[in-house]
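Just so we're on the same page: letters track the sequence lines, and every chain starts at 1.
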Amino acid sequence: MQTRSKLKKNIRDRAVLFVTLLLFWIMLNGTLAIDSLIVGIFVSLSITLLFCSGLSFFTEFRATPKAFAAGLFYYAYFFKELVKSNFKLAAIILSPSLPIKPGIVKVRTRLKSKMGRLMLANSITLTPGTLTVELDGEWLYVHCVTVDSTDIEEVTTQIVAGFESYLEVMYG
Amino acid sequence: MNEMLMPAVTLLFAVAMIGAAFVAIQVKQISIAMLAAGLVSLLASVLFLFFAAPDVAMTEAAIGSGLTTFLFFFVLGRVRGGQRD
Amino acid sequence: MVETMIVIAAVLAGIAFLLALARFIKGPSTFDRVIAFDVLTVVSITFIVLSALIEERGIYLDIALVYALLSFLGVIAIARYLEGRF
Amino acid sequence: MTSFVDYLGGLLLVAGASFLFLGGLGIVRMPDLFNRIQAGAKTTTLGTLLILLGAGFLHPEWGFKLLLIGLFLLFTNPLSSQVLARAAHRVGIEKSSKTTVDMLAKDLAKTKDLADNGRESS
Amino acid sequence: MVQIAMATGFILILMGLYGALTNHNILRIIVSFSVANTGVNIILVAVGYMHGRTAPILNEAVPVAEAAARIIDPVPQALVLTAIVIGLGITTLMLAFAYKLYERKGTLDISKFSELKW
Amino acid sequence: MIKRVIVLLFLLGLGLLFIAFMQGYTPDSELNLTGRYYAEHTAQDIGATNIVTAIIVTYRGLDTIGEVTVLFLTAAIVGMLLSRGNRKGKSLQRELPQSGELLTTGSYLLVPLILLLGAYVFINGHLTPGGGFQGGAIVASAILLMLLTDPLRHFSHQLIAIVESISGLLFVIIGVLGLFYAGGFLDNRILPTGELGSLFSAGAIPVIYSLIGLKVGAEFSSMLVNLSETEDS
């Protein structure tokens with residue numbers, strides 16, 4: 001029974017990877033012409049079959065409308081956060097006294113799926129001012145340019161909670 | 001003004017390449033020399049693009065970005081500890 | 001007007017390029033040079049896009065694609081070496 | 001004939017280039033390695049994304065390629081910075097004197113102590 | 001523009017040769033060779049460039065009819081393309097030999113290899 | 001010291017030669033005869049939009065066979081030199097630090113994308129910049145990313161060798177077919193030339209360049225795998 005569900009999950013993962021690769025192929029070519037589509041199906045199929053442990057953006061994605069909405073909100077929140085923290089860091093770099101207070105703090109994450117954790121770590125790294133140094137079990141070690149407090153719970157709500165609430169709906 | 005832009009950018013990249021090459025043959029640690037050699041080949045790829053040779057630029061980018069750097073550092077890691085620099 | 005803006009963007013990116021180059025030549029440790037290397041490759045993507053805009057040829061973007069996808073391999077290889085993994 | 005969209009694209013190009021400039025400035029000014037990664041490798045990401053967006057406004061027919069470049073950049077850039085920061089922390093690179101707290105080093109030391117004690121007692 | 005690139009290529013060749021001739025470490029010699037290699041490629045590409053022309057790929061920007069007046073010389077590009085790929089092969093071969101030499105002798109200093117000196 | 005002076009004198013002479021060459025050099029304003037021929041005839045004769053590809057695959061196809069052979073020889077010599085370390089079960093006993101979870105997940109995400117980009121580059125070689133050599137290098141970069149993530153990962157030497165030899169064989173067979181059904185060895189017109197600018201055009205060029213891409217990728221991969229499986233000395 002268990003092997004069957006595992007097999008089912010495996011086949012589903014492969015199918016998702018195949019569809020994602022085909023999407024990328026269409027975007028690369030920029031056309032929907034029938035010849036490039038045939039070649040694209042062949043190439044994506046062979047990559048999917050040859051490289052067994054591949055993941056894609058949607059591997060553990062929950063295919064519910066709620067998850068898609070959360071995805072949209074996630075990207076909106078992410079870009080807002082990106083621009084905001086860029087301006088914050090720009091102010092720090094441009095001020096002559098360089099008012100930084102760096103340190104490495106520890107935060108907790110609730111995410112279990114691989115892709116969700118990767119997306120979380122990447123989002124934290126991409127927003128300037130925070131940089132993921134190590135991911136160990138449920139603990140994330142984050143380097144901050146300005147450390148406000150060293151209390152784990154407080155820093156967690158400050159850095160992680162915003163991204164996590166969306167990613168949890170998307171990937172679980 | 002636009003006429004002057006491409007020569008100016010070419011000059012910028014030329015200066016950067018000569019600087020990187022200087023680092024490559026002059027610096028003490030060998031790892032930095034290898035890094036600088038990789039930088040020379042990556043900047044050369046952009047220069048090829050400015051000279052309207054996209055095929056060559058793509059070859060240089062694909063080969064210079066990962067493969068050459070990896071080969072150099074791999075062999076350096078294997079022989080490390082056996083000599084002075 | 002747009003041409004002037006492209007020139008301004010190229011000048012600003014050129015200054016960033018020179019600053020990163022200064023860090024590469026000066027940089028006290030190897031790690032600093034690796035960061036400068038990373039920044040130089042990312043700024044190079046900007047120059048590729050600008051040259052595609054000036055020459056008005058979309059096919060030049062393929063090289064930017066290769067750059068974006070492969071330039072991090074060099075940094076990872078160097079990080080592995082500095083960690084002592086080879 | 002320059003339209004409004006062209007102006008917007010040009011402005012986005014200039015904005016992106018100024019973020020690149022800030023990244024270059026940060027890489028020179030910041031005092032230690034981790035802060036340099038923060039300032040250098042992160043502001044450049046937003047700068048490059050803005051430049052790609054501006055190019056998309058100027059030439060809408062390149063949209064797909066520019067989108068793909070941005071997407072790849074969003075996934076490769078943080079990966080390399082993270083691997084580099086991790087390697088630097090493992091090697092034990094010198095941190096600036098302004099650093100207040102380093103919980104990772106503390107935790108690593110703790111687990112190492114625990115492992116040593118366990119080996120002695122068994 | 002062509003002059004800038006040619007000067008850069010020549011300077012890179014000279015620097016690479018200087019490094020290859022004065023260093024004693026085999027790895028450094030290989031690094032210098034790769035710098036000189038890049039310089040040669042730049043000169044070859046610069047020779048094929050003509051001012052005001054564009055890449056030899058025909059599409060909407062360059063229609064077939066005016067190709068001969070709009071594109072640059074494609075022959076040097078084809079040469080350089082093969083040269084780069086072969087260059088990587090040669091670098092790999094040199095590095096493999098260096099590794100083997102180190103395994104045999106325990107050093108990479110060429111002044112220690114005295115079998116072929118007379 | 002005397003050696004350094006001799007080296008400097010030699011380089012000075014070379015530099016003077018270069019300066020003399022640069023002063024006498026005037027850039028052409030017109031294409032020369034060969035370039036003009038290629039520019040005017042490629043579109044009708046070959047059907048490829050990328051003229052560099054047409055030169056490499058068809059006009060100078062024999063050179064490309066030679067080049068691929070040189071690469072094959074290089075890969076074989078590297079494998080032979082380092083073959084001592086390939087004893088089974090004994091390789092790499094030392095402890096390596098773990099590669100973090102993020103890099104592992106990220107590489108599983110990126111390797112299919114890099115392979116896809118490589119395939120795109122070598123299949124579209126006749127339309128966009130790129131082709132077999134570039135695509136092969138990109139495919140080998142995907143293998144390199146896997147190696148960097150997990151150095152102990154086992155790659156099937158047999159698979160690499162099979163891909164390498166089958167694509168090489170097909171390359172030569174297509175060349176010989178050109179001898180019988182079209183104008184000469186490696187002529188691309190054994191397949192219809194098609195409409196200029198579409199994917200299935202330019203006769204056999206996409207097929208030949210894909211085969212070259214697979215072959216070059218397999219050769220570079222075998223070099224990388226052979227190097228990384230050597231024992232630590």
Quiz item: Does B:Phe13 CZ have over 12 foreign heavy atoms under 6.0 Å away?
Solution: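 Atom CZ in B:Phe13 is crowded, with more than 12 foreign heavy atoms closer than 6.0 Å.
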Self-check item: CZ (B:Phe22) with more than 12 external heavy atoms under 6.0 Å
Solution: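 No, because the 6.0 Å sphere around CZ of B:Phe22 holds 12 heavy atoms or fewer from other groups.
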Practice problem: Name the orientation class of the two ring planes belonging to F:Tyr59 and F:Tyr37 (parallel below 30°, tilted from 30 to 60°, perpendicular beyond 60°). | Solution: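 F:Tyr59 vs F:Tyr37 ring planes: perpendicular.
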Quiz prompt | Side-chain heavy atoms of F:Asn50 within contact of F:Leu127, under 4.5 Å | solution =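 Contact flag for F:Asn50/F:Leu127 side chains = no.
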Quiz item: Hey, are the side chains of F:Leu71 and F:Met223 touching, using non-hydrogen atoms and a 4.5 Å cut-off?
Solution: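 Counting from C-beta outward, F:Leu71 and F:Met223 do come under 4.5 Å.
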Quiz item: When only heavy atoms count and the cut-off is under 4.5 Å, which of residues 46-55 of chain B reach chain F?
Solution: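 Expected list: B:Pro54, B:Asp55.
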Exercise. Between chain B and each of F:Ser141, F:Gly130, F:Gly118, count heavy-atom pairs under 4.5 Å; write down the option with the most.
Key: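 Looking at each option in turn, the highest pair count goes to F:Gly130.
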Quiz item: With no hydrogens and no angle check, is any side-chain donor or acceptor of F:Thr64 less than 3.5 Å from a backbone partner on F:Ile56?
Solution: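 Indeed, once roles are kept as given, a pair shorter than 3.5 Å links the two residues.
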Practice problem: Quick one: pull up CD1 in F:Ile212 and CZ in F:Phe122 and give me the separation to the nearest 0.5 Å. | Solution: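 F:Ile212 CD1 to F:Phe122 CZ: 11.0 Å, rounded to 0.5 Å.
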Quiz item: With only heavy atoms counted, which part of F:Leu224 is less than 4.5 Å from chain B, the side chain, the backbone, both or neither?
Solution: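 For F:Leu224, the contact with chain B is made by the side chain alone.
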